[in-house]
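Sequence positions, counted from 1, serve as the residue numbers for this chain. Any value given below was found using the heavy atoms of this structure, including those in side chains, with hydrogens, waters and symmetry copies removed.
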Amino acid sequence: MAVLFKMSLAFGFFLGLMILGSSSSAKFDELFQPGWAMDHFLYEGDVLKLKLDNYSGAGFASKNKYLFGKVTIQIKLVEGDSAGTVTAYYMSSDGPNHNEFDFEFLGNTSGEPYLVQTNVYVNGIGNREQRMNLWFDPTKDFHSYSVLWNQRQVVFLVDETPIRVHTNMEHKGIPFPKDQAMGVYSSIWNADDWATQGGLVKTDWSHAPFIASYKGFEIDACECPVSVAADENAKKCSSSGEKRFWWDEPTLSELSLHQNHQLLWVRANHLVYDYCTDTARFPVMPVECEHHRH
């Protein structure tokens, strides 16, 4: 259901250390492959459009998998009455005990704001939803949506503004996703049983087709060949001695002061749901909620 970004290794020197990574920004077909419903893909120059109608949605997946780094896609969401539709953009590993980082854009009726739902799965367990509206109309232009992932934190960013942080709290006995390579995926699909006002507002197919547009695919991450064992990939993608990856730099082990201020502003003004405060679902606060803001 998704498309991953293929990248080559880039080498450079920084402060006398070798900073290793891989980066790429190119056209869709250089980096990705359709996952399903190829007849619902539209290509207009550097822009890819996915179409949802009452026959099918569509999705793509990256050609490679990655462990640590940063992934960015620019997306323009469905215009007008998008109620019932979901545009998903996420990273995920495979298997029942998979790890996953989700952006899910929940459509709404005309004039109502899009909601962005994020979620984090660790060892197959999710239920860590947060929902927020945005400080702009995401249907009028392209905006960048990124995941930054290293051994200390997972950061969800919108136009480089952090909207969520999931911190490594292994020292508190809380598992953290750090040993499974992930693909990058996106899709558009009908979810009117839950997406808009809890499923009360259904998809109005008279407004179909619903179009989500994509461009600016970028990955700066450590590529993990499928033929290589997970522990070897983890070793290959971790900094050591003479080899250092940019995402392991100390400045990226936590948010900067400015980023912390941005996150506080987003949470104060745009957060509308946080699983950590949902006592109906979680009478006992989830353990990670007790230890860090995310």
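Between M169 and H171 there is a side-chain heavy-atom pair separated by less than 4.5 Å. Taking the side chain as every heavy atom from C-beta outward, V120 and F156 approach each other to under 4.5 Å. Within the 4.5 Å cutoff, the side chain of Y89 has heavy atoms near those of the I75 side chain. Contact check for V155 versus V147: no side-chain heavy atoms found under the 4.5 Å cut-off. Looking at heavy atoms from C-beta onward, R128 lies in side-chain contact with H166 at the 4.5 angstrom threshold. Between Y90 and E100 there is a side-chain heavy-atom pair separated by less than 4.5 Å. With a 4.5 Å cut-off on side-chain heavy atoms, V228 and E232 count as touching. Using a 4.5 Å heavy-atom cutoff, the side chains of K140 and K76 are not in contact.
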- Query: What do the steps show when you test W265 against W135 for ring pair (Phe, Tyr, Trp, His ring centres under 6.0 Å), and what is the final call?
  - Reply: CA-CA 11 Å; W265 176 82; W135 50 97; 5.7 Å; yes
- Item | Worked verdict on F176 versus R152 for side chain to side chain contact (heavy atoms under 4.5 Å, CB included) | CA-CA 9 Å; F176 182 80; R152 299 293 298 276; over 6 Å; no
- For E290 and M285, what are the C-alpha separation, side-chain angles and deciding distance, and is it a side chain to side chain contact (heavy atoms under 4.5 Å, CB included)? CA-CA 7 Å; E290 301 173 9; M285 180 180 288; 3.7 Å; yes
- Task: Starting from the C-alpha separation in whole Å, work towards a yes-or-no answer on side chain to side chain contact (heavy atoms under 4.5 Å, CB included) for V71 and M91.
- Result: CA-CA 9 Å; V71 176; M91 298 184 69; 3.9 Å; yes
- Assess whether side chain to side chain contact (heavy atoms under 4.5 Å, CB included) is satisfied between V78 and F105, documenting all intermediate values. CA-CA 10 Å; V78 177; F105 304 96; over 6 Å; no
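For the pair N97 (side chain) and G124 (backbone), a donor-acceptor distance under 3.5 Å is absent. Judged by distance alone, with hydrogens and angles left aside, the side-chain atoms of N260 form no donor-acceptor pair with the main-chain N or O of L263 at under 3.5 Å. Not one N or O on the side chain of S82 forms a donor-acceptor pair closer than 3.5 Å with the backbone of E79. Checking side-chain atoms of N150 against main-chain N and O of Q153 turns up a donor-acceptor pair under 3.5 Å. The backbone N or O of A88 sits nowhere less than 3.5 Å from a side-chain atom of W189 that would complete a donor-acceptor pair. D274 places no side-chain N or O within 3.5 Å of a backbone atom of Q130 that could act as its donor or acceptor partner. With hydrogens and angles ignored, the 3.5 Å screen pairs a side-chain donor or acceptor of D204 with a backbone N or O of S206. Checking side-chain atoms of N99 against main-chain N and O of N123 turns up a donor-acceptor pair under 3.5 Å. Judged purely by atom type and a 3.5 angstrom limit, K49 has no side-chain atom pairing as donor or acceptor with the backbone of A212.
Applying the disulfide (SG to SG under 2.5 Å) test to C237 and every residue at least two apart in sequence or in another chain returns C222. Remark: N127 pairs with E129, R281, F282 by the side-chain contact (heavy atoms from CB on, under 4.5 Å) rule, at least two apart or across chains. The side-chain contact (heavy atoms from CB on, under 4.5 Å) test applied to K215 returns V47, Q74, F142, not counting sequence neighbours.
Checked options E104, R131, R164; the residue passing with T118 is R164 (criterion: side chain to side chain donor-acceptor pair (under 3.5 Å)).
In the displayed structure, F136 atom CZ is contacted under 6.0 Å by more than 12 heavy atoms of other residues, nucleotides or ligands. More than 12 heavy atoms of other residues, nucleotides or ligands sit less than 6.0 Å from atom CD of E170. For NZ of K178, the number of neighbouring non-hydrogen atoms (other residues, nucleotides, ligands) closer than 6.0 Å is 12 at most. In the displayed structure, K235 atom NZ is contacted under 6.0 Å by at most 12 heavy atoms of other residues, nucleotides or ligands.
The two residues N168 and Q151 make their nearest non-hydrogen contact at ND2-O, 2.8 Å. When all heavy atoms of S146 and T72 are compared, the closest pair comes out as OG-OG1, 2.7 Å. Across all non-hydrogen atoms, the minimal contact from S56 to W36 is OG-CZ3, 3.8 Å. Contact between Y275 and P286 at its shortest, heavy atoms only, is CE1-CG, 3.8 Å. The nearest pair of heavy atoms linking L50 to S186 is CD1-O, 4.5 Å. For the residue pair Q180 and D94, the shortest heavy atom distance occurs at OE1-O, 3.9 Å.
Rounding to the nearest 0.5 Å gives a distance of 7.0 Å between CD of Q259 and CG of L157. Interatomic distance, NZ of K236 versus CG of D231, reported as 13.0 Å (0.5 Å rounding). Annotation: the span from L271 atom CG to M132 atom CE amounts to 5.0 Å, rounded to 0.5 Å. H270 NE2 to L134 CG: the interatomic distance, rounded to the nearest 0.5 Å, is 8.0 Å. Between atom CG of residue L115 and atom CG of residue L106 there is a gap of 5.5 Å, rounded to the nearest 0.5 Å. If you take CG on N233 and CD on E223, they are separated by 9.5 Å, rounding to the nearest 0.5 Å.
Y121 and Y145 are assigned to two separate hydrophobic clusters, defined by single-linkage of ILVMFWY side chains at heavy-atom distances under 4.5 Å. Grouping the Ile, Leu, Val, Met, Phe, Trp and Tyr side chains by contacts below 4.5 angstrom, directly or via other members, places I211 apart from F103. Under a hydrophobic clustering in which Ile, Leu, Val, Met, Phe, Trp and Tyr are joined whenever their side-chain heavy atoms come within less than 4.5 Å, directly or via other members, L77 and L42 fall into different clusters. Cluster membership for V86 and V272, using ILVMFWY side-chain heavy atoms within less than 4.5 angstrom, is shared. Note: the hydrophobic cluster containing F68 also contains L255 (ILVMFWY, side chain heavy atoms under 4.5 Å, direct or indirect links).
There is no side-chain donor-acceptor pair under 3.5 Å between D81 and T109. Judged purely by distance below 3.5 Å, without hydrogens or angles, the side chains of N108 and Y114 never pair a donor atom with an acceptor atom. Residues D220 and W246 have side chains that bring a donor and an acceptor to within less than 3.5 angstrom of each other. Side-chain contact, T139 with D137: a donor N or O sits under 3.5 Å from an acceptor N or O.
The pair K172-E288 does not meet the salt-bridge criterion, since no charged nitrogen lies less than 4.0 angstrom from a carboxylate oxygen. Look at D39 and K51 and you find no salt bridge, because none of the NZ, NE, NH1 or NH2 atoms lies under 4.0 Å from a carboxylate O.
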